[in-house]
Each structure stands twice: as structure tokens, then as C-alpha cells.
Amino acid sequence: MRIAQVSAHTSPLAPLGGRETGGMNVYVLELSRELARLGYEVDIFTRLDGELPPVEQVAPNLRVVRLPAGPPEPIDKEAIARHLPRFTRGLLEFAADQPGGYDVVHSHYWQSGRAGAVLARDQRAPHVVMFHTLGEVKNRARISEQEPRLRIRSERSVARRADAIVTASPHERELLERYYGASPARMHTIPCGVDLDLFQPRDRRDCRQRLGLAQDAPVLLWVGRLEKLKGVDILVSAVAELEMKDVTLLIVGGDEHAEGLKAELLAQAEREGIAGAIRFEGAVPHDELPAYYCAADVCVVPSYYESFGLVAVEAMACGTPVVASRVGGLVSTVVDGVTGYLIPWRCPGPFAEKLGVLLENPELRANFSRAARTSMERFRWRTVGLQVAQLYDDVRARHPGRRHPGVVLGNEAWEAAVLASGL
Ligand code: UDP
């Protein structure tokens with residue numbers, strides 16, 4: 001079976017921890033690797049954004065295809081919508097050259113959802129979509145800038161027309177039904193996965209030594225794309241409220257686009273008298289992260305919203321307890337009082353209280369650590385990959401099927417078809 005994975009705005013091979021490179025990139029690459037290992041032929045389509053080969057063989061059965069659309073350099077995520085018609089035309093043209101075309105189109109994020117819907121129709125193949133984050137939910141959180149109306153409209157349209165929607169958590173499924181009218185019968189909750197060989201418990205002393213951390217002082221860790229929705233400001237204030245005074249807070253992630261927020265957090269830390277406790281590490285390559293997770297006593301995920309939250313899962317796979325906001329996917333990954341704590345209020349006091357409990361109690365931490373690692377078995381990529389593969393088989397069996405191979409429409413006809421589809 002040949003699968004097209006569509007990830008227009010961000011490449012799965014891009015360095016992680018930047019403004020647009022986080023969980024979705026990891027998900028698309030790791031899921032595709034697993035499907036390729038299972039024998040599916042997978043092409044991941046992304047926008048060409050540098051001097052990179054148009055087609056890259058990443059592993060047996062797995063290619064990344066870069067399609068020219070707009071300037072061949074990184075551009076704002078919002079600007080990509082303008083280049084979507086060109087991207088989609090590239091998709092159709094590439095697919096037309098593939099003997100047999102594609103059997104399933106799986107799109108990620110709303111912009112790819114629009115492009116993927118057109119490709120799926122052209123290929124007479126089922127369209128599976130995963131949104132990763134939802135504009136309506138971000139807007140209701142009122143933390144970052146408002147998401148454009150085009151995004152909300154597109155999400156609604158793609159959600160209503162897709163053959164299947166993958167949601168990473170039951171909560172995302174509820175939101176899609178409530179805010180977008182998506183049909184529950186077409187939604188399938190399949191969690192994201194974690195590489196349990198890369199993310200596993202390691203010797204804490206070695207990890208601390210490598211990172212230049214004191215062996216006996218408490219270490220807290222935050223990892224992610226440095227943006228307001230992640231709630232790092234709550235964590236900074238929580239650290240200021242801790243009774244222990246020799247705590248180090250490692251902040252991992254963030255590129256040049258995060259300089260403004262970093263300056264705000266530093267100013268806040270200075271006001272609250274803990275600037276010396278914070279170490280900004282910048283973006284760290286994914287395979288170097290286990291040392292950070294294993295060096296830390298607790299990983300903190302204080303997000304205002306998190307559709308799944310891979311960081312929490314990676315930390316727990318390393319045997320590090322997690323203190324997280326009780327939001328989105330975190331509710332289904334962190335077991336409150338067993339592998340970490342879930343905090344229902346987005347304010348520093350309750351975070352400080354639970355962090356204090358864990359930092360002051362090594363035995364409790366050790367218990368949480370064992371439980372955390374064990375509980376991650378269900379997120380093994382093989383298990384997740386098989387669930388997605390089963391979904392592909394099901395949607396394909398139900399789909400009316402491909403009457404004839406994909407037809408590339410002429411440029412104008414194609415634009416007209418996109419407009420007519422209302423996407
Ligand atoms: N990440 C990384 N290096 C960094 C920062 C983040 O490899 O410097 C990875 C992290 O390991 C995780 C992903 O980026 O796999 C973030 O995913 P998560 O689901 O937590 O957040 P999202 O990006 O989806 O908001």
C-alpha cells in the first residue's frame with residue numbers, strides 16, 4: 001500500500017525546538033518510519049525551504065519529497081496559505097508520475113488538510129487527517145495571537161469531509177465534535193508514540209556530569225517550542241515560590257524567533273529574584289534530550305493547552321516524573337499521583353506545591369519513576385503504527401475505490417476545482 005503523508009508547512013527532517021518544529025515533526029517522521037518498517041511505501045510531502053534535494057530517501061520504503069511553493073527558504077507559517085495552490089499542484093503532478101498513485105492520503109495540520117483533501121480526491125483515495133492543534137481551541141485559550149478565520153473555516157471544512165480523523169486524545173475528539181461538528185463515527189483516537197529505546201532511564205550522575213549540573217541540587221526541566229501557550233511564565237513563578245533555594249531550572253528549546261519571549265521570562269525571573277536559577281539551553285537535538293530528562297528530578301509541562309504533549313511522554317519513558325497542567329492529551333498520559341501530578345489551575349501556587357512535594361521526597365520520586373517508565377509501554381511506536389495501519393486498511397476497504405489513476409488537472413481547472421470544493 002502506498003501512503004502520502006502531507007506536511008506542507010514544516011519538514012519532518014527540520015531541526016526541532018524552533019518556532020514551528022516540535023511534536024508534529026516527530027510524529028510524522030516516526031509514524032512514517034514505523035509504517036515503512038511494516039512494509040508500507042511512504043512519501044512525506046513538504047514545502048521546499050532550503051537548498052535541499054527534491055526527493056530524499058530517508059529509509060527503505062520512506063522518502064521525503066520537497067515541493068517548490070513560494071521562496072525556497074523558511075517563511076512564516078501564516079504566509080504558507082498563499083502558496084498552498086502551488087504546493088497542491090506540485091502534489092498532484094508528483095502523484096501522477098507515481099505508478100499506481102497513492103492508496104491513502106494522510107494530512108497533518110489544517111493547511112496540509114486542504115492540500116491533502118484535493119490530492120485524495122484526485123487519487124480517488126481516502127483522506128485521513130490529523131490536526132495536531134486546533135485554531136478554535138487556541139483562540140479560546142486567549143494566550144497567543146488570534147488564529148485567522150481562514151484557519152477555522154478550513155479546519156471545519158476538512159474535518160467534515162475527511163474519511164477519517166485521527167485524534168491523539170479523547171479530549172481532542174470531544175473538541176472536534178463540539179467546535180467543528182466532526183462526526184464521532186469518523187474519529188479515531190490513536191495516541192502519539194515514543195521511541196522507548198532512545199528515551200529510557202540512564203545513569204543520573206553521568207547525565208548531570210555531562211550537562212555540568214551539581215550532583216545533589218534539585219533540577220527541574222522544561223522542554224519544547226518556546227511560545228506563550230506553553231506557560232513557561234507559570235513555571236518561573238512556581239520556582240520563585242519554592243522553599244528550596246538551590247534549584248536549577250533548565251529551559252530547553254527556542255530559536256531566534258523566541259528571543260522576545262526569552263527576554264520577557266528573564267525579566268520576570270529577575271523581578272522574582274530567581275534569574276540565577278535559570279539556564280536557557282536553546283534548542284537541543286532530539287537524540288541528546290535523554291541526558292536532560294534523566295538528569296532532571298522532575299519535568300514540568302505547564303501548558304495552557306497541549307493536544308498530546310510528547311515531552312511528558314518522553315520524560316516518563318526516561319523514568320522522570322512529570323508535573324503538568326490538567327489539559328488536553330496530558331490527562332491521558334500522566335497518571336495523577338502515580339507517574340506525576342496534574343494541576344487543574346493555570347497558576348504558580350499549585351505547581352510549586354507539587355514540585356515541593358516531589359523534590360523533598362526522593363522515595364516518592366523513585367516510585368513515580370518506576371511507574372512512569374512502565375506506563376509508557378502502550379506508547380511504543382510499533383503499537384501506535386499498527387493501529388494507524390489498521391485504520392488505513394479500514395478506510396480503504398470502505399472507500400468507493402480508485403476508478404482510474406489520478407488525473408492532473410491544468411492549472412486553471414485545478415484552481416476552479418479547489419474553489420468549487422469550498423476548501
Ligand atoms: N524537541 C527537541 N528539541 C528541543 C525542543 C523540543 O527535540 O530543543 C522535541 C521534543 O523532544 C518533542 C517535541 O519537540 O518530541 C515537542 O513536542 P510536544 O508534543 O511536547 O509539543 P508540540 O511541539 O507538539 O507543541
Side-chain angles (χ1 to χ4, degrees), residues 7 9-31 33 77 108-110 112 130-135 137-138 141 143-144 147 166-169 171-172 190-200 211 221-232 235 250-258 261-262 279-296 299-318 320 322-325 327-334 340 376 379 381 384:
S7 172
H9 81 277
T10 177
S11 164
L13 299 181
L16 297 169
R19 185 169 48 167
E20 312 295 357
T21 52
M24 189 184 112
N25 307 62
V26 174
Y27 178 86
V28 173
L29 183 62
E30 295 305 321
L31 172 68
R33 279 191 197 282
K77 190 164 63 175
H108 303 270
Y109 200 65
W110 69 274
S112 302
M130 184 162 182
F131 289 102
H132 297 269
T133 65
L134 293 165
V137 177
K138 279 188 116 173
I143 298 303
S144 341
E147 293 295 315
V166 178
T167 65
S169 69
H171 188 246
E172 193 187 350
I190 304 175
C192 300
V194 63
D195 181 342
L196 291 176
D197 298 324
L198 175 64
F199 295 103
Q200 58 168 297
L211 300 176
L221 174 67
W222 179 90
V223 178
R225 290 177 300 109
L226 205 48
E227 64 166 27
K228 287 210 163 139
L229 201 69
K230 296 284 182 180
V232 188
L235 175 55
L250 297 175
I251 297 190
V252 171
D255 56 10
E256 68 278 10
H257 301 288
L261 180 54
K262 190 173 146 187
R279 248 177 67 174
F280 284 95
E281 303 289 290
V284 168
H286 199 55
D287 56 2
E288 289 174 24
L289 279 179
Y292 283 85
Y293 289 124
C294 296
C299 179
V300 194
V301 187
S303 308
Y304 290 91
Y305 184 69
E306 202 65 66
S307 60
F308 184 73
L310 275 179
V311 161
V313 165
E314 290 163 1
M316 289 186 282
C318 289
T320 304
V322 170
V323 174
S325 308
V327 292
L330 296 166
V331 177
S332 3
T333 56
V334 179
M376 289 299 107
F379 300 119
W381 271 115
V384 172

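Remember, it's 1-based here, ligands and their atoms both numbered in the order they're listed.
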**Q** Which protein non-hydrogen atom lies closest to atom 20 (O) of ligand 1, naming both residue and atom, and how far is it?
**A**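 Ranking protein heavy atoms by distance from atom 20 (O) of ligand 1, first comes V311 N, 3.1 Å.
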**Q** To the nearest 0.5 Å, how far apart are CG in L16 and CG in L289?
**A**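 Rounded to the nearest 0.5 Å, the CG-CG separation comes out at 8.5 Å.
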**Q** Which ligand 1 atoms, with their elements, are less than 4.0 angstrom from a heavy-atom of V26?
**A**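 Every atom of ligand 1 under 4.0 Å from some heavy atom of V26: 15 (O).
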**Q** Numbering the atoms of ligand 1 from 1, which are under 4.0 Å from a heavy atom of G253?
**A**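 Every atom of ligand 1 under 4.0 Å from some heavy atom of G253: 8 (O).
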**Q** Below 4.0 Å from any atom of ligand 1, is there a heavy atom belonging to H132?
**A**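 Not so, H132 does not reach ligand 1.
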**Q** Say you draw a straight line from OH of Y27 to OG of S7; how long is it, rounded to the nearest 0.5 Å?
**A** 12.0 Å
**Q** Any ion pair linking E256 and R19 (charged N to carboxylate O, less than 4.0 Å)?
**A**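 No salt bridge links R19 with E256.
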**Q** What protein heavy atom sits nearest atom 8 (O) of ligand 1, and how far away is it?
**A** V284 N, 2.8 Å
**Q** Indicate the ring-plane relationship of Y109 and H9, choosing parallel, tilted or perpendicular according to the 30° and 60° boundaries.
**A**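 Tilted, since the angle between the ring planes falls between 30° and 60°.
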**Q** Out of the candidates L196, V194, D195, only one should pair with L198 under the side chain to side chain contact (heavy atoms under 4.5 Å, CB included) rule; please name it.
**A**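 Running side chain to side chain contact (heavy atoms under 4.5 Å, CB included) over L196, V194, D195 with L198 returns exactly one hit, D195.
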**Q** Could you establish whether K230 and ligand 1 come within less than 4.0 Å of each other, counting only heavy atoms on the residue side?
**A** yes
**Q** Taking atom CD of E20 and atom CG of N25, what is their separation to the nearest 0.5 Å?
**A** 9.0 Å
**Q** Return the closest protein heavy atom for atom 14 (O) of ligand 1 as residue, atom name and distance.
**A** G22 CA, 3.6 Å
**Q** Once you round to the nearest 0.5 Å, how far does CD1 of I251 lie from NZ of K230?
**A**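 Atom-to-atom, I251:CD1 and K230:NZ are 13.5 Å apart.
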**Q** Which atoms of ligand 1 have any heavy atom of E306 under 4.0 Å away?
**A** 21 (O), 25 (O)
**Q** Considering the heavy atoms of E314, write down every atom of ligand 1 situated less than 4.0 Å from one of them.
**A**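 Ligand 1 atoms under the 4.0 Å threshold to E314: 10 (C), 11 (O), 12 (C), 15 (O).
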**Q** Could you tell me whether V252 and ligand 1 have an N or O pair separated by under 3.5 Å?
**A**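 V252 vs ligand 1: no N/O contact under 3.5 Å.
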**Q** Identify, for atom 7 (O) of ligand 1, the protein heavy atom at the shortest distance, and state residue, atom and that distance.
**A** H286 ND1, 3.0 Å
**Q** So F379 and F308, side chain to side chain contact (heavy atoms under 4.5 Å, CB included) or not? Walk me through it.
**A** CA-CA 12 Å; F379 300 119; F308 184 73; 4.2 Å; yes
**Q** Near A283, which atoms of ligand 1 are under 4.0 Å from a heavy atom of that residue?
**A**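 Counting from 1, the qualifying ligand atoms are 8 (O).
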**Q** H108 vs H132 aromatic rings, parallel, tilted or perpendicular, using cut-offs 30° and 60°?
**A**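 Tilted.
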**Q** Which value, rounded to the nearest 0.5 Å, describes the distance between H171 atom NE2 and Y305 atom OH?
**A** 5.5 Å
**Q** Can you measure from CE (M130) to OG (S112) and round to the nearest 0.5 angstrom?
**A** 12.5 Å
**Q** Answer yes or no: does an N/O atom from G17 fall short of 3.5 Å to an N/O atom of ligand 1?
**A**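 No - when backbone and side-chain N and O of G17 are compared with those of ligand 1, no distance drops under 3.5 Å.
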**Q** For ligand 1, indicate whether the residue R225 contacts it via side chain, backbone, both or neither (heavy-atom separation under 4.0 Å).
**A**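 Near ligand 1, R225 shows its side chain, while the N, CA, C and O stay back.
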**Q** Name the option, out of P15, A312, G23, G18, that contains the heavy atom nearest to atom 24 (O) of ligand 1.
**A**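 Considering heavy atoms of P15, A312, G23, G18, the nearest to atom 24 (O) of ligand 1 sits in G23.
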**Q** Of L330, T133, N25, L310, which has the heavy atom at the shortest distance from atom 18 (P) of ligand 1?
**A**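 It is L310 that holds the nearest heavy atom.
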**Q** Is there a polar contact, in the sense of an N or O pair closer than 3.5 Å, between V223 and ligand 1?
**A**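 No; every N/O pair is 3.5 Å or more apart.
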**Q** Would T21 count as a polar contact of ligand 1, with the cut-off being nitrogen or oxygen pairs under 3.5 Å?
**A**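 No, T21 has no N/O under 3.5 Å of an N/O on ligand 1.
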